[in-house]
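A short worksheet on the structure shown next.
For this chain, numbers begin at 1 and follow the sequence in order.
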Amino acid sequence: MASNKEYLDYILDQLSDLEDITYRAMMGEYIIYYRGRIVGGIYDDRFLVKPVKAAAEMMPDAKTELPYEGAKEMLLVDDVDKREFLKELLEAMFPELPATKKKK
């Protein structure tokens with residue numbers, strides 16, 4: 001099941017307090033970038049983030065879910081209605097995220 005563009009737009013609006021949020025469509029889903037680094041994505045109308053230490057600490061009860069078959073587990077962000085929480089979450093995660101590899 002592909003993600004709904006309206007859900008992506010909602011999440012992007014919730015993240016609009018952050019500078020340099022971008023996304024890339026990929027096979028009906030959306031990869032979310034913060035300052036050029038992948039933080040997670042929209043998969044089947046769920047906002048999932050990488051399971052870095054900061055995210056796990058801020059969401060200790062978060063469920064781990066597969067974005068798609070064969071992928072690594074990610075953390076489900078249940079509280080997508082709280083803009084300030086989402087801002088703090090991505091800012092806390094950023095130092096732990098690997099830099100995006102340059103294409104040759």
So if you build clusters from Ile, Leu, Val, Met, Phe, Trp, Tyr with side-chain heavy-atom gaps below 4.5 Å, do [X] and [Y] land together?
{"X": "Leu97", "Y": "Met74", "answer": "no"}
{"X": "Leu89", "Y": "Ile38", "answer": "no"}
{"X": "Ile32", "Y": "Leu76", "answer": "no"}
{"X": "Phe85", "Y": "Val52", "answer": "yes"}
{"X": "Tyr68", "Y": "Met26", "answer": "yes"}

Write down the atom of [X], the atom of [Y], and the distance for their closest heavy-atom approach.
{"X": "Ala55", "Y": "Val49", "value": "CB-CG2, 4.3 Å"}
{"X": "Pro67", "Y": "Lys72", "value": "CD-O, 3.3 Å"}
{"X": "Met58", "Y": "Ala92", "value": "SD-CB, 3.8 Å"}

Separation of [Y] [atom2] from [X] [atom1] (nearest 0.5 Å):
{"X": "Glu88", "Y": "Lys82", "atom1": "CD", "atom2": "NZ", "result": "11.0 Å"}
{"X": "Asp13", "Y": "Ile21", "atom1": "CG", "atom2": "CD1", "result": "12.0 Å"}
{"X": "Leu12", "Y": "Ile42", "atom1": "CG", "atom2": "CD1", "result": "7.0 Å"}
{"X": "Glu91", "Y": "Leu18", "atom1": "CD", "atom2": "CG", "result": "5.5 Å"}
{"X": "Tyr23", "Y": "Asp9", "atom1": "OH", "atom2": "CG", "result": "7.0 Å"}
{"X": "Tyr7", "Y": "Phe47", "atom1": "OH", "atom2": "CZ", "result": "8.0 Å"}

Within the distance-only criterion (no hydrogens, no angle test), does the side chain of [X] pair as donor or acceptor with the backbone N or O of [Y] below 3.5 angstrom?
{"X": "Ser3", "Y": "Glu29", "answer": "no"}
{"X": "Arg24", "Y": "Ile31", "answer": "no"}
{"X": "Gln14", "Y": "Leu86", "answer": "no"}

Worksheet item: Hey, is Arg46 close enough to Glu65 for a salt bridge, meaning N to O under 4.0 Å?
Response: yes

Worksheet item: Are Asp78 and Lys63 within salt-bridge range, i.e. N to O under 4.0 Å?
Response: no

Practice prompt. Please check if the distance between the ring centroids of Phe94 and Tyr34 is under 6.0 Å.
Written response: yes

Discussion item. Walk me through whether Leu48 and Val77 qualify under side-chain contact (heavy atoms from CB on, under 4.5 Å).
Written reply: CA-CA 6 Å; Leu48 303 177; Val77 181; over 6 Å; no

Fill in: Residue pair Lys50 / Val39, side-chain heavy-atom distance below 4.5 Å
no

Worksheet item: Does the side-chain hydrogen bond (donor to acceptor under 3.5 Å, both in side chains) test come out yes or no for Asp45 and Tyr10, once each step is laid out?
Response: CA-CA 11 Å; Asp45 291 333; Tyr10 177 73; over 6 Å; no

